[in-house]
Amino acid sequence: MPKLIDFKMIFTNIPQLLQYLPITLGIVFLSMIVGLLFGLVIALVRMKHVPILSPLLTFFVSFIRGTPLLVQLYLSYYGVPIALRYVNYYNHTNFNINGIPAFLFVFIAFAINESAYNSENIRGALQSVDHGEIEAAESLGMTSFQVLRRITIPEALIVALPTLGNQFIGLIKGTSLAFVAGVVEMTAAGQIIAGRNFRYFEVYLSLAIIYWVLTIATELLIRLIEKRVNRFRTVQRLVQTSVKNQPVTAKTQSLKLAPKLSELRREHE
C-alpha cells in the first residue's frame, strides 16, 4: 500500500511556513490598530448623530458587514488602481499604478473591514457606560474630551475587550485570504510548497496547526489581560466605595458622641 500520508512532512513543513509569519502578523496588527482608531471615530459619530456623516457611516458599516471579506479584497485589488487613474487624470499626476505593492490592497481591505466591525463593538461598549459617572465627571468641571478620555473610553474598553479579542482572533484566521491579492503570507507559501511536492493534505494540516497555536496563544493572552483589568477595576471600586463611606462613618460617629457631649455639658453646668 502506498504511503498516503507523510506524518513527518507535516512537522517539517512548519519551519518553512513560519518564515512568512511576520507578514501575517504585520497584516493583523496594522489592520487592527487602524480598525480600532477608525472604529472609535465611527462609533462616536453615530452616537452623537452628526448630520450627514452619521447616515453615511451607517450605510458604510451596513455594506461592509453585509459583504464577504473575499469580495472586499477583490474590490480593493481592482478599485485602488481605478481610483489612482482618476487622481492622475484630474490632478495631472503620474502615480505608477503598476508599482502598487500587493500588501497595500490587503491592508486597505482588512483595515476597512475591521473598522466596521470594531465600530459596532465599541459603540455597544460606550453605550453601556453608567451615565451617572459621566454626569459626575461633568459636574466636576471636566470637558467632553476629558470625560471621554478619563471615564468613557476606559470603562468601555473593559466591556469591549472580550469581543475585540474575538475579532482579533478572527482577523488572524482571515489573513489566509490575503493570497488572492498576491501577498505571499503563510497560506500562499503553503500553496507554493504543496505545488512542488503535491502533498496538499500535509501542507494544509501544517497550516492548521500553526493557526490553531496562534489562536490558543491569543486566547490565553486575552484572558490574562482580562484578569489584570478586572483586578484593577475591583481595587478601584473598593477605593471609591471606601471614600464614599468615609463621610457617612464620620457622621454616624458624631451622632453617637452627641449624647455624651450633652451629658458633659450638663455636668459642667
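A donor-acceptor pair is defined here as one N or O able to donate and one able to accept, closer than 3.5 Å; no such pair exists between the side chain of Ser76 and the backbone of Leu73. No donor-acceptor distance shorter than 3.5 angstrom exists from the side chain of Glu114 to the backbone of Leu171, with no hydrogens or angles considered. Judged by distance alone, the side chain of Ser62 and the main-chain N or O of Phe59 form no donor-acceptor pair under 3.5 Å. Between the side chain of Thr163 and the backbone N or O of Ala160, at least one donor-acceptor pair lies under 3.5 Å. Under a 3.5 Å cut-off, the side chain of Ser31 and the backbone N or O of Val28 do not form any donor-acceptor pair. In this structure a side-chain-to-backbone donor-acceptor pair under 3.5 Å is present from Gln72 to Ile64. Put simply, the side chain of Gln146 gets close to the backbone of Thr143: a donor and an acceptor are under 3.5 Å apart.
Crowding of Tyr200 atom OH: a count of heavy atoms from other residues, nucleotides or ligands under 6.0 Å exceeding 12. Within 6.0 Å of CD1 in Ile52 there are 12 or fewer heavy atoms belonging to other residues, nucleotides or ligands. In this structure, Phe107 places its CZ atom where more than 12 heavy-atom neighbours from other residues, nucleotides or ligands lie under 6.0 Å away.
In terms of heavy-atom proximity, Ser54 sits nearest to Arg46 at OG-CA, 3.8 Å.
With 3.5 Å as the limit, one finds a donor-acceptor pair spanning the side chains of Thr187 and Tyr211.
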Test salt bridge (charged side-chain N to carboxylate O under 4.0 Å, His left out) applied to Arg223 and Glu226, step by step
CA-CA 5 Å; Arg223 289 177 186 174; Glu226 285 181 5; over 6 Å; no
Would Leu214 and Ile169 count as a side-chain contact (heavy atoms from CB on, under 4.5 Å) here? Give the steps.
CA-CA 8 Å; Leu214 285 174; Ile169 292 173; over 6 Å; no
Test Val184 against Phe179 for side-chain contact (heavy atoms from CB on, under 4.5 Å), laying out the working first.
CA-CA 6 Å; Val184 182; Phe179 73 93; over 6 Å; no
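Residues passing the side chain to side chain donor-acceptor pair (under 3.5 Å) test with Glu202 are Arg199, sequence neighbours excluded.
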Determine all donor-acceptor pairs shorter than 3.5 Å in which one atom belongs to a side chain in residues 90-106; sequence neighbours excluded.
residue : atom : partner : partner atom : Å
Thr93   : OG1  : Val87   : O            : 3.4
Thr93   : OG1  : Asn88   : OD1          : 2.7
Asn96   : OD1  : Asn98   : N            : 3.3

